Each structure stands twice: as structure tokens, then as C-alpha cells.
Amino acid sequence: MESGLTEPFLGAVSSSPTDLTAPESTTMAGESPAYTSASGADGESLNPRSYWRFAKSDFFPEPSFSSWTSYRSALSRTFPRLRNRLLHRSSDSDEVDVLRRRSENSMRRCLTWWDLGWLGFGSVVGTGIFVLTGQEARLNAGPAIVLSYAASGLSALLSVLCYAEFAVEIPSAGGSFSYLRVELGDTAAYLAAANILLEALVGAAGLARSWTSYFATLIGRDPDALRIHVPSLAEGFNLLDPIAVVVLISCSTFAALGTHRTSILNWIASVLTLFVIAFVIAAGFVNAKPSNLSPFLPFGASGVFRAAAVVYWAYTGFDMMATMAEETKNPSRDIPIGLIGSMSAITAVYCAMALALVMMQKYSELDTNAAYSVAFAAAGMKWAKYLVALGALKGMTTGMLVGALGQARYTTQIARAHMIPPFFALVHPKTGTPIHATLLVTLSSAIIAFFSSLDVLASVSSISTLFIFMLMAVALLVRRYYVREVTPKSNLLKLNCLLFLIIGSSVGISAYWNSGAKGWIGYAIAVPLWFLGTLGLTVVIPQQRTPKVWGVPLVPWLPSASIVTNIFLMGSLGYQAFVRFGICTVVMLAYYVLIGVHATYDVAHEEEDDKLEGLKVETGNRGA
């Protein structure tokens, strides 16, 4: 039957947040024998099968893919199955326990708040601050680039709060994929995960290409001198970069060998970055000229927000920390401290570095490609460009290192849900890391980095990330105000209406601002509607769930503010960003409809059949 397992449009978990265990003898339905065992208490696998196996059943164990006849039959039932998946919600216990056991071996809990804080610093502080600051100060914001970083940092911090609450309540390797799968369903979670993985893969490739350019500069060569020019290939793809491939594979190999040793290496490297940043800030202020701050807003307020939407890329990467929750010793304490502490410090550092740059050199004279190096040279410190290049190289290296950790764990949880082949969910028994998933994301990034120029990679904007962060805020409000089989249907209807009012008014604010329309009439309509929608959640609907350990303060105001700020920044990215986002989404949906829907449908329904069979056996035993 195709219509089972349905949920309301905005669903929630089927069990309480503390119900995170499942019977040890549970056998996951729809799986080959490879997915039926758990790890022992010492972390060693109880399953004798080799980790390195490549049978068809390891990639496509679901009945829909057993033969071409079965697949054609599954395709003929795509629409009812798609409806089923649209309405299906996961649960906390499924994401934390049941899906985890599909990896056969457990990831090791070895991280503390100290590790998470430095992982956050290493993943976020890369080339963005060194490259984007001069570019956006010169072209869009002027000295007010400081305000752009502050606005982007505030938006990122609001998203961090949402991530922290979810990571404490659902400490799984899936990050936003798991959280959205619980609250908004399989389809929304898949689209979010696919977008963030695409952004991460392209971002890793961009970091690797930048690494080559900065390394060439550091040794006194032209940025493209170490690349291989192939005239027969298309422009933008004709500068082959084997060094980028080697760097990517090296970072990913180290990450695959163990999470704790990767954390230690990241911590050591990040301390070196702190010294470079301290030098940049101190030297910048020593050579500062307050007159360079005038005019402060040469491009107006609109320029500040255009720049904020672009420099937001410099804050991306913190979501990777949420994927480390499964390997955190004490998630309820360590995750909020690590996430919020590192993001607050990074925002302060970025603002200080931006201020030092625009005070050291007039914004109109900044170099858009190497702003800090050129500014120091103008101040008589030509040698400083080597220190800046070294700091950028270190930032790119730790960005790729931590990115390899996070991307692999996203991929692992997606594979555990059978949205991609479950082969990529396997965790190695010796290293405690998902080597198959690491190989998948590394090879994908390496292929992109080998062929694609930075100009091509730069065309993929941060719109996907902003979209996912907006969904995370919506999911948090759903989690707080709706619990399945507890919340009355009338309150569910009110919640839907108020959420649509908040989202719609946020879109209105962004559209009116970016339309260039004069006057205040648009804001006079949209801003009060946003306020009324948020106020409605406060006074009309009681919260149905209170976090057990740590939660976002001032709900619903802070999550609602996160929604409006992320949508506002999305609107500032321009028409082409939405075109690219739409094209990528269509491609992702095509894969989901052809593969993902049928794999997840098979697993869910066979799991349901197993549960019913178990209930029958239990009832029979009681009767006996």
C-alpha cells in the first residue's frame, strides 16, 4: 500500500527528546545483512564482513532496484510514493540511534568544547576575510565594510543558536539534514543536504585552487604559474591544477585517519593563524589614518547590505561543527559553548580586521585581489605580504581539513537514510571515521578543483547556505510549537498561518529593499506584518516543547529574526544567484524522484512491516 506513514505538513518527532534509545536487537528493514549489526561496547564491529566490499547489494539493497523490472514498477508508482515521502517525518531516536547503527561501527566520542571551538575557528577563518574585505570595501561598502561584517555576523550568530539547540537535542552526524528531516520531512531535508553539500564541494575546490595561487605568490611566482595550461579546453576549464588535487587529498586523508588527531592538528594550526591575525590588526592600527574613514558610507546603506550578503561567505563553515555532535563527549555542554563561543569571537576578529584595513588605506585605493598585502606595501611593509599569504594558506588548509570532516559526516547520515547508496554510510572499525564518504566528497571536490577556475567557482554563491539557515529557523519554531498527536489541529493551523505570515513579510521586506523603490510605504506594510506574525506565536499558541538542557533564548523572536535576516541577505545576492539556485534544485529533485524516493520508501515500509511483525510476536508471547 502506497499511502501509509503520512504526517501533517509541519510535523514533529514521534517520541520525546529523551527517548533516544532503541532495542539492541532491532534489525533495520530494507537493508542487506551489512546493515543489521551494531558495534560492541569497545567500539569494535560485531559484523565479520569486510569494510572494503563492493557488491551491488552494498550500493542498492532496496527491493525497487533488485532488477530492471522492479525499478520500472517502482517508477510507475512515483507520485504516490513521492506524496508519502513529502508527508513523512523522522524522529529523534531514529536519527540518533537507529540510523547510526546502519554504519555498523560507531564514530568515537573524543571531542570537547575546546576541540569544537577550534574546529569552528579553523573551518570558518579561511581566505574569505583576506580576499572579500578589500573587494567589497572597494566596490560596495567603503569603510562601512565593518558594518557589513557585523550584520553578517549577527545573522550567522542567530543561525548558530538554532544549530546549537538542535545539536544538543539530536546529537547525530547529519547536522541540518537530520534536524530538518525530523521537523520538515524527508524532501525538505534532502534539498537542504544536497544544496549544502554542493556548496561545500565547490567551496573546498575553490579553497584548493586558492591554495595554489597563494603558494605561487609566496614563492614569488605568478598565481597561475604552477597550473598546466591546455588550450584545447574551454576557457575557465583550461588551467589544470594538480597541486589543488594533491592538497585536497592530503587534507582528507589526514581527516580520515582519525577525528581527534585532526582536531589536534587544527588547534595547532589555528594558533598560528591567531598570531597572523594579531599582527594584521596591530600593524593596521599602528599605520591607521582616521581620515580614511571619511566618507563612511560612500555607497549608502544598500551598499552595506550588498557587501554583507557577499562577505557572509566568510562565516560559512560553522554548520560543519554540528555534524561533529555524534563524536562529542558531552553534547549538551560542549556544543553550545563551542558553537556560540567561536562564532562570537570570529565576528569580533572580522570586524577588527576590516576596520584595520580601511583605516590603513583609503577604500578607493584598495586592491580587490590582495588588499592586505598591497595596503602593507603602501605603508612601507612589503615583507608583510608573505606573512599575510602564509596566514591565508594556513586558513585554507584548516578550512579543507575541517571541511573534510563535516562533509563526510553529512554524506554519512544521508547514506544512512538511503537517499544515496548506503555503502557510503559505513564507518571504518579501526579509525572510527566514514572513509567511504570521505573518499566520495574528496574525489568530487578534486575533480572540480582540477578543471574549474576560481571565476567559475565564484559563480556559485552563498544563496544555498542562507536558504538552509532560514529553514533551520523555521524548523526550530516548528519543534517548539508543534508535537505530533499532542498539539490540537486548530493550533497547527494557526502555526502554519503565522509561519507563512513571517516568511511572506520577510520576503516582502527583502524584495522592497532590493527593488530600489523610494519611500517607506512597503516597509510600513511588511515590517508590522512580520512583527504581528512573531507576536502571534508569542500570545496565541503555547509552546509544546521545552528544551531539556539548553535552548535558544527569546523564542520566537530570535528564530523569527533569523528568518528575516537570512531572507533579506538572499535577496541582496541578485537575479543570477536565484537562477543558479533554481537550476541546481531542479537537478537535485530529478535525482530524488528517480532514486531517493524509491530507496527511502522501501526502507521505511519494510521497517514498518518489521515493527508490526515484532508487535505480533510480542502480543503472542503475552498471550502464551
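Values in this document were obtained by computation on a predicted structure and should not be read as measured data.
- Using a 3.5 Å distance cut-off with no hydrogens or angles, the side chains of Tyr410 and Ser176 do pair a donor with an acceptor.
- No donor-acceptor pair closer than 3.5 Å links the side chain of Asp224 to the backbone N or O of Arg227.
- Checked against the 6.0 Å centroid threshold, Phe424 and His436 do not count as a close aromatic pair.
- Here the side chains of Met353 and Thr133 are not in contact, with every heavy-atom distance at 4.5 Å or above.
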Determine, step by step, whether Trp513 and Ser302 satisfy the side chain to side chain donor-acceptor pair (under 3.5 Å) criterion, reporting the C-alpha distance in whole Å, the side-chain angles of both residues, the deciding distance to 0.1 Å, and the verdict.
CA-CA 8 Å; Trp513 173 269; Ser302 60; 5.8 Å; no

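- Taken to the nearest 0.5 Å, the OG1 atom of Thr412 stands 8.5 Å off from the CD atom of Glu326.
- At least one donor-acceptor pair closer than 3.5 Å links the side chain of Ser123 to the backbone N or O of Gly120.
- Looking at Ser64, its side chain never comes within 3.5 Å of a backbone N or O of Tyr71 through a donor-acceptor pair.
- Without hydrogens or angle criteria, Asn514 side chain to Ser510 main chain gives a donor-acceptor distance under 3.5 Å.
- We find the CH2-CD1 distance between Trp530 and Ile567 to be 11.5 Å, quoted to the nearest 0.5 Å.
- The closest donor-acceptor contact from the side chain of Ser252 to the backbone of Ile249 lies at 3.5 Å or more, if one exists at all.
- Salt bridge absent: Arg480 and Glu183 never bring a charged side-chain N and a carboxylate O closer than 4.0 Å.
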- Item | Steps toward side-chain contact (heavy atoms from CB on, under 4.5 Å) verdict (His598, Thr78) | CA-CA 8 Å; His598 307 293; Thr78 295; 3.3 Å; yes

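- Put simply, the side chain of Val474 does not reach to within 4.5 Å of the side chain of Leu477, judged on heavy atoms.
- For Ala244 against Arg209, the heavy-atom pair with the smallest separation is CB-N, 4.0 Å.
- More than 12 non-hydrogen atoms from other residues, nucleotides or ligands lie less than 6.0 angstrom from CZ of Phe578.
- Here Glu165 contributes atom CD and Met472 contributes atom CE; the two are 9.5 Å apart, rounded to the nearest 0.5 Å.
- The closest side-chain heavy-atom distance from Leu339 to Leu161 is not below 4.5 Å.
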Query - Tyr350 vs Ser152, side chain to side chain donor-acceptor pair (under 3.5 Å): CA-CA, chis, key distance, verdict - result: CA-CA 10 Å; Tyr350 278 2; Ser152 293; over 6 Å; no

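- At least one donor-acceptor pair closer than 3.5 Å links the side chain of Ser515 to the backbone N or O of Tyr512.
- The aromatic rings of Tyr190 and Tyr592 lie parallel to each other, their planes meeting at an angle below 30°, with 60° marking the opposite boundary.
- The aromatic rings of Phe60 and Phe65 sit tilted relative to each other, their planes meeting at an angle between 30° and 60°.
- Here Trp557 and Phe531 bring their ring centres to under 6.0 angstrom of each other.
- Separating the OG atom in Ser560 from the CG atom in Leu476 is a distance of 11.5 Å, to the nearest 0.5 Å.
- Between Val527 and Ser505, the closest side-chain pair of non-hydrogen atoms is not below 4.5 Å.
- Side-chain contact between Leu537 and Ile502: present, with at least one pair of heavy atoms (C-beta onward) separated by less than 4.5 Å.
- No side-chain donor from either of Tyr315 and Ser155 sits under 3.5 Å from a side-chain acceptor of the other.
- For the residue pair Ser445 and Ala205, the shortest heavy atom distance occurs at O-CB, 3.7 Å.
- With contacts defined as side-chain heavy-atom distances shorter than 4.5 Å, the pair Gln407/Thr323 does not qualify.
- Residues Glu62 and His418 have side chains that bring a donor and an acceptor to within less than 3.5 angstrom of each other.
- Using a 30° and 60° split on the angle between ring planes, Phe166 and Tyr179 fall in the parallel class, below 30°.
- Atom-to-atom distance recorded for Leu529:CG and Ser506:OG is 10.0 Å, nearest 0.5 angstrom.
- Side-chain atoms of Thr398 come within 3.5 Å of backbone N or O of Gly122 as a donor-acceptor pair.
- Remark: the backbone N or O of Leu191 is paired with a side-chain donor or acceptor of Asn195 at under 3.5 angstrom.
- Heavy-atom minimum distance, Ala307 versus Ala141: CB-CB, 3.8 Å.
- Relative orientation of the Phe568 and Phe305 rings is perpendicular, given thresholds of 30° and 60° on the angle between their planes.
- Looking only at distances, a side-chain donor or acceptor of Arg138 sits under 3.5 Å from a matching main-chain atom of Leu366.
- The closest side-chain heavy-atom distance from Met324 to Ile335 is not below 4.5 Å.
- Here Leu158 contributes atom CG and Leu558 contributes atom CG; the two are 6.0 Å apart, rounded to the nearest 0.5 Å.
- A salt bridge is absent between Asp94 and Arg102; no separation between the charged side-chain nitrogens and carboxylate oxygens falls under 4.0 Å.
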Worksheet item: Can you check side-chain contact (heavy atoms from CB on, under 4.5 Å) on Asp186 and Met419, steps first, answer last?
Response: CA-CA 9 Å; Asp186 273 18; Met419 288 187 181; 3.8 Å; yes

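- In this structure, Gln413 contributes its side chain and Glu95 its backbone to a donor-acceptor pair below 3.5 Å.
- Taking all atoms of both residues into account, the shortest heavy-atom contact from Val304 to Ser148 is O-OG, 2.8 Å.
- Side-chain contact between Arg181 and Phe177: present, with at least one pair of heavy atoms (C-beta onward) separated by less than 4.5 Å.
- Arg479 has a carboxylate O that lies under 4.0 Å from a charged side-chain N of Glu169, or vice versa, which qualifies the two as a salt bridge.
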